[in-house]
Number of protein chains: 2
Amino acid sequence: MLSTLDLPPPRIGDAYNPDCPTRHVLDRIGDKWAVLVMLTLKDGPVRFNDLRRRIGAISQKMLSQTLKSLERDGLVSRAAFPTVPVTVEYRLTPLAGGLIGILDQITHWAESHVGDIMAARRAHDGTDALAA
Amino acid sequence: MLSTLDLPPPRIGDAYNPDCPTRHVLDRIGDKWAVLVMLTLKDGPVRFNDLRRRIGAISQKMLSQTLKSLERDGLVSRAAFPTVPVTVEYRLTPLAGGLIGILDQITHWAESHVGDIMAARRAHDGTDALAA
DNA sequence: CCGTATCCGCATGGATACTG
DNA sequence: CAGTATCCATGCGGATACGG
């Protein structure tokens, strides 16, 4: 069965393959909260509830979850101080530096080209409106 | 209500804000299928069903949907030829070039640092195992 | 203050069937 | 060949409540 398309694995260098190195990084960058958290930590360590307030629209659950996965990937480190009540600081690891660099480039590209995208969108939607 | 945290909009420069230019670009890059489609179109125009076969794991629905949104954003262009049956070619626009550049950088960074991430992950999981 | 556990609505996306 | 339309499972993520 499927004789016409038994291509072994996907073809292109980066085609869908859960094990592709790029996939993992792409998934991190694609993670809305992970990006926001990393950008918020960019200028230094921040405590849990500060993080929450600064990001604003994030739920406790998502923040906790995001921090744990970032910590697991060695992108964020956690430091707890036995004050009372307990104080916990999160900060970026050196490894995260490269990601921040990429995020900065995305931001830069976005700021200079989002106008084009919006224009294309308006043009497209306008065409649609006429067609309809 | 919510008197303690009626911060107007989110604070930090890039905190969650659906209108932030970077947000749109990040969402595109975060879109698994959009990335795969763009990478598959990187070397030249490809027809609908070829695209489907090359990517392999994508459904018709997702491919169609992804192509439409990429077209809307001016990142992909569509050309139909009145052959019978009809032939349709998709190709990247010049605007997409910048995104491809960024994707290449992500790939490059990923290939040189994913080892670190995986190591951190193993270390972390190992620690967990001991703790458990 | 710093989380974890639970419930649950809702959007994402696959499978399938049908049209030009 | 190139799509569109429909149905439906599942998983993401918010709200809430509770524990360390």
Side-chain angles (χ1 to χ4, degrees), chain A residues 1-2 4-5 10 16 18 23 26-37 40-41 45-72 76-91 124 128 131-132, chain B residues 1-2 4-5 10 15-16 18 23 26-37 40-41 45-72 76-91 128 131-132:
Chain A
M1 63 186 71
L2 281 181
T4 60
L5 38 74
Y16 185 64
R23 190 74 264 136
L26 241 17
D27 286 348
R28 267 266 156 290
I29 291 180
D31 183 333
K32 185 175 72 174
W33 297 131
V35 167
L36 253 10
V37 166
T40 307
L41 291 178
V46 182
R47 309 217 331 253
F48 188 86
N49 278 324
D50 275 354
L51 224 30
R52 203 152 117 68
R53 275 183 289 269
R54 297 237 217 147
I55 297 179
I58 195 173
S59 66
Q60 258 183 348
K61 179 185 176 181
M62 278 302 101
L63 180 55
S64 172
Q65 195 168 297
T66 301
L67 285 169
K68 276 216 282 191
S69 70
L70 286 173
E71 203 193 343
R72 183 169 113 100
V76 158
S77 65
R78 195 189 108 116
F81 305 97
T83 54
V84 39
V86 63
T87 297
V88 180
E89 262 183 16
Y90 291 92
R91 76 180 63 216
H124 184 89
D128 275 10
Chain B
M1 61 188 73
L2 282 181
T4 59
L5 38 76
Y16 186 64
R23 190 75 262 136
L26 241 19
D27 286 346
R28 266 268 156 285
I29 291 180
D31 183 333
K32 184 175 71 173
W33 297 130
V35 167
L36 254 9
V37 166
T40 307
L41 291 177
V46 182
R47 306 212 341 247
F48 188 86
N49 278 322
D50 274 354
L51 224 30
R52 203 153 116 68
R53 275 184 290 270
R54 296 236 217 147
I55 297 179
I58 194 173
S59 65
Q60 260 183 347
K61 178 184 176 182
M62 278 302 101
L63 180 54
S64 172
Q65 195 169 298
T66 301
L67 285 169
K68 277 216 281 194
S69 70
L70 286 172
E71 203 193 343
R72 183 169 112 100
V76 158
S77 65
R78 195 190 107 117
F81 305 98
T83 55
V84 37
V86 62
T87 298
V88 180
E89 262 184 17
Y90 290 92
R91 76 180 62 216
D128 275 10

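Here is how names work: the chains are called A, B, and so on, in the same order as the sequence lines, proteins then strands, and each is numbered from 1.
Across the protein-nucleic acid pair, B:Met62 atom CE and C:dT16 atom P stand 16 Å apart, rounded to whole Å. Rounded to whole angstrom, the span from the CD atom of A:Glu89 across to the P atom of C:dC1 amounts to 15 Å. Going from atom CG of A:Asp50 over to atom P of C:dC1 covers 9 Å, rounded to whole Å. With rounding to whole Å, A:Leu70 atom CG is found 14 Å from C:dG3 atom P. The separation between B:Leu63 atom CG and C:dG14 atom P is 11 Å, rounded to whole Å. Rounded to whole Å, atom P of D:dG3 lies 6 Å from atom CZ of B:Phe48. Rounded to whole Å, atom P of C:dG13 lies 9 Å from atom CH2 of B:Trp33. Rounded to whole Å, the distance from CD on B:Gln65 to P on D:dT6 is 15 Å.
Taking the side chain of B:Arg47 as heavy atoms from C-beta on, and the options D:dC1, C:dT4, C:dC1, the nearest nucleotide is D:dC1. Of the candidates C:dA17, C:dG3, D:dG20, C:dG3 carries the atom nearest the A:Gln60 side chain, counting heavy atoms from C-beta on. Nearest nucleotide to the A:Arg78 side chain, out of C:dG3, C:dG14, C:dC2: C:dG3. Considering only the side chain of B:Thr87, D:dA2 comes nearest among D:dG3, D:dG13, D:dA2.
At a threshold of 4.5 Å between non-hydrogen side-chain atoms, the residues B:Lys32 and A:Arg23 count as touching.
Note on A:Phe81: nothing from the nucleic acid sits closer than 4.0 angstrom, heavy atoms only. Within the nucleic acid shown, A:Lys32 has no heavy atom closer than 4.0 Å to any nucleic acid atom.
Annotation for B:Leu51 and B:Val46: closest pair N-CG1, 3.6 Å, computed over non-hydrogen atoms.
One finds no side-chain N or O of A:Ser64 lying less than 4.0 angstrom from the OP1 or OP2 phosphate oxygen of C:dG3. Side-chain N/O atoms of B:Tyr90 include one lying less than 4.0 angstrom from OP1 or OP2 on D:dG3.
A:Ser64 contributes no side-chain N or O that, together with a main-chain N or O of A:Gln60, makes up a donor-acceptor pair within less than 3.5 Å.
Residues A:Val88 and A:Lys61 each lie close to DNA chain C; by heavy-atom proximity, the contact nearer the 5' end of the strand is made by A:Val88.
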